[in-house]
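The basis for the numbers below is simple: all heavy atoms, side chains too, and nothing from hydrogens, waters or symmetry mates. Quantities reported herein were computed from a predicted structural model and do not represent experimental measurements. Each chain gets a letter, A, B and so on, in the order the sequences are listed, and its residues count up from 1.
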2 protein chains.
Amino acid sequence: MDFQDQDTVGDNRYLVKPLYKAAQVLRTVCQSPTALTLKDITELCEIPKSTVYRYLYTMQKLDMIAHDPRSETYSPGLGLWWLMQTADPFANLRLVGRRQRRKLMKRFNATVSLGVLTGSQILYLEIIECSRSLRMRAQPGARDEVHSTALGKALLAFRPRSQWDALIPEKMVRRTANTIVVRRDLLENLEQVRRNGYAIERGENEDGASCIAAPIIDENGFSVASISVSLPTNQTSDALFSEIVAAVVDTCQIIQSRL
Amino acid sequence: MDFQDQDTVGDNRYLVKPLYKAAQVLRTVCQSPTALTLKDITELCEIPKSTVYRYLYTMQKLDMIAHDPRSETYSPGLGLWWLMQTADPFANLRLVGRRQRRKLMKRFNATVSLGVLTGSQILYLEIIECSRSLRMRAQPGARDEVHSTALGKALLAFRPRSQWDALIPEKMVRRTANTIVVRRDLLENLEQVRRNGYAIERGENEDGASCIAAPIIDENGFSVASISVSLPTNQTSDALFSEIVAAVVDTCQIIQSRL
DNA sequence: ACTTTAAGTTTCATGTGGTGAAACCTCGGT
DNA sequence: ACCGAGGTTTCACCACATGAAACTTAAAGT
């Protein structure tokens, strides 16, 4: 959910500290919703100001950070954006079927998420919020564990069984009372998901929230992403549930035919 | 058009070299259409391999670069993508009105571009290619000068006149025989664009290519972006031309009402 | 108008640690 | 088994990243 922690570094032998610390500065600038001053960054990063100053200066030259002399503030630069142009591996995925996903959100007035697998975590590529009062609080870029999310189970189920073991986290962290924390149970669940073609989850990741997800399958029959509909558990009758299942599966099929 | 040149650095006093060189490595990895090996990067950047090795190692830890041990190759990492989530200043602009722009492309079977002003250059945010045999060769992220493009003129015309001088490049580079290279001529042209509400360009940036652009205006009456339709000059009758003008202006109006 | 304070900029001495040549592995090909 | 090409590790050197402190600037308080 949070930004990946960089605290625990095993083998520092080859770590180039300036890079490491500058990245910290860059992240700080990018994460801030507002433009930051030198002082802000100094305090947030806990790096001496002359050092931060030099980093900012260098990154500015590199176009990674933009400096507004008027307000003395720093903000993310265009160079970053430039890099992404060619480097964004999910650009296409986010683009294709945006409309179907929005339609899905509108139809059930529920949050629709698009996620991919990174390691043994789900990375949220897109979260289309509904207008309900209580909704998911996650942002695109956030992560969750595979074992506690419908997105994760849908994605995992349609990977080769041989990968399952590696992709399921060592320790399956308990998020709620309903979270599946026994490896065997999860494997069983995945088999079922594979048979059904969709995954469901009732309060396993967040109390009171349920989720229905289906995979987007590539030409080799393996999942590349998954789409989910989330809504409060108490608002889901059985009839609605199966209606949503059909809609999600349908949406995924449309999208996968477009890829 | 090319990546910004980093060759000419005025004041090296505060430049942190490791950052600078690592950025070079990162760019190389991101720009390559294919995953690169250590050797490739070493040669492309002309930096000793142990140094590149350490940079890659560090950036890998930072999640900026992904390393595939199977093939011994490096590719852009997810950390970059993460940064962009919050840092992409144009995300909204690219999203809103995508459909209208695509419709525009389909209607005239011509390339539709979306651009913003960065310094005295146009930055292409989006280029929707048509199916014609000869089309624009630019990629999103590419740049062109304001003075030789319809996008640039549409954008510039609807900025405060007081900014014109600063935003027009010192030396107006000649791209073709038709390029406007005299400052006075350009200013006159801008006034006309402002009166008309749209900008046209016939082979001023690329021989044989014409372009029609209109601005997207914000609440203060200033342009934030512009949209253009490009097609071969020899395929543009006067009737078609005015039809396109109407369509582009219309599209921009729809989009600006949505922002 | 003067003082004070806070923030950005520059300088400088210090010694860390970034550097690259070269040695060392590791593995695929012949 | 040998060979070569690439990736990994070592090592000694001294460039240069570093942070404290001095300096500059600008704005806020009195």
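In this structure, CG on Leu123(B) lies 9.5 Å from CG on Leu117(B), to the nearest 0.5 angstrom. To the nearest 0.5 Å, the span separating CG on Leu151(A) from CG on Leu125(A) amounts to 9.5 Å. The line from CG of Leu36(B) to OG1 of Thr73(B) is 8.0 Å long, rounded to the nearest 0.5 Å. Taken to the nearest 0.5 Å, the OG1 atom of Thr34(A) stands 7.5 Å off from the CG atom of Asp40(A). For the atom pair OH (Tyr57(A)) and OG (Ser50(A)), the distance works out to 15.5 Å, reported to the nearest 0.5 Å. A distance of 9.0 Å separates CG in Leu155(B) from CD1 in Ile216(B), rounded to the nearest 0.5 Å.
Straight-line distance from the CD1 atom of Ile41(A) to the P atom of dT9(C): 11 Å, rounded to whole Å. Here the P atom of nucleotide dT9(D) and the CG atom of Leu15(A) are 14 Å apart, to the nearest Å. With rounding to whole Å, Glu46(B) atom CD is found 13 Å from dG20(C) atom P. Rounded to whole Å, atom P of dG18(C) lies 15 Å from atom CD1 of Ile47(B). In this structure, Lys39(B) places its NZ atom 15 Å from P of dG4(D), rounding to the nearest Å. Distance, Arg70(B) CZ to dG7(D) C1': 17 Å, rounded to whole Å. Separating the CD atom of Glu72(B) from the C1' atom of dA5(D) is a distance of 12 Å, rounded to the nearest angstrom. Rounded to an integer number of Å, the gap from His67(A) NE2 to dA7(C) P is 15 Å.
A stem is defined here as three or more consecutive Watson-Crick or G-U pairs, each with both distances under 3.5 Å; for DNA chain C these stems are C:1-30 with D:1-30.
The base of dG20(C) is paired with the side chain of Arg54(B) by a donor and an acceptor separated by under 3.5 Å. Side-chain to base pairing of Thr37(A) with dA7(C): no donor and acceptor N or O lie closer than 3.5 Å to each other. Between the side chain of Ser50(A) and the base of dA20(D), a donor-acceptor pair under 3.5 Å is found. Not a single donor-acceptor contact under 3.5 angstrom links the side-chain atoms of Lys49(A) to the base of dG19(D).
Side-chain proximity of Lys17(B) to the nucleotides dG8(C), dT8(D), dA17(D) is greatest for dA17(D). In this structure, of dT9(C), dT10(C), dG19(D), it is dT10(C) that holds the atom nearest to the side chain of Arg13(B).
For Tyr14(B) and dT10(C), the shortest distance from a side-chain N or O to OP1 or OP2 is below 4.0 Å. Between Tyr55(B) and dT19(C) there is a side-chain polar atom (N or O) within less than 4.0 angstrom of OP1 or OP2. At least one side-chain nitrogen or oxygen of Tyr53(A) sits closer than 4.0 Å to the OP1 or OP2 atom of dT9(C). Here Thr51(B) does not reach the OP1 or OP2 of dT19(C): none of its side-chain N or O atoms lies under 4.0 Å away.
The aromatic rings of Phe90(A) and Trp81(B) stand perpendicular to each other, their planes meeting at an angle above 60°, with 30° marking the opposite boundary.
Side-chain polar atoms of Tyr74(B) and Asp68(B) form no donor-acceptor pair below 3.5 angstrom.
Place Asp40(A) and Pro18(A) on DNA chain C by their nearest nucleotides, and Asp40(A) ends up nearer the 5' end.
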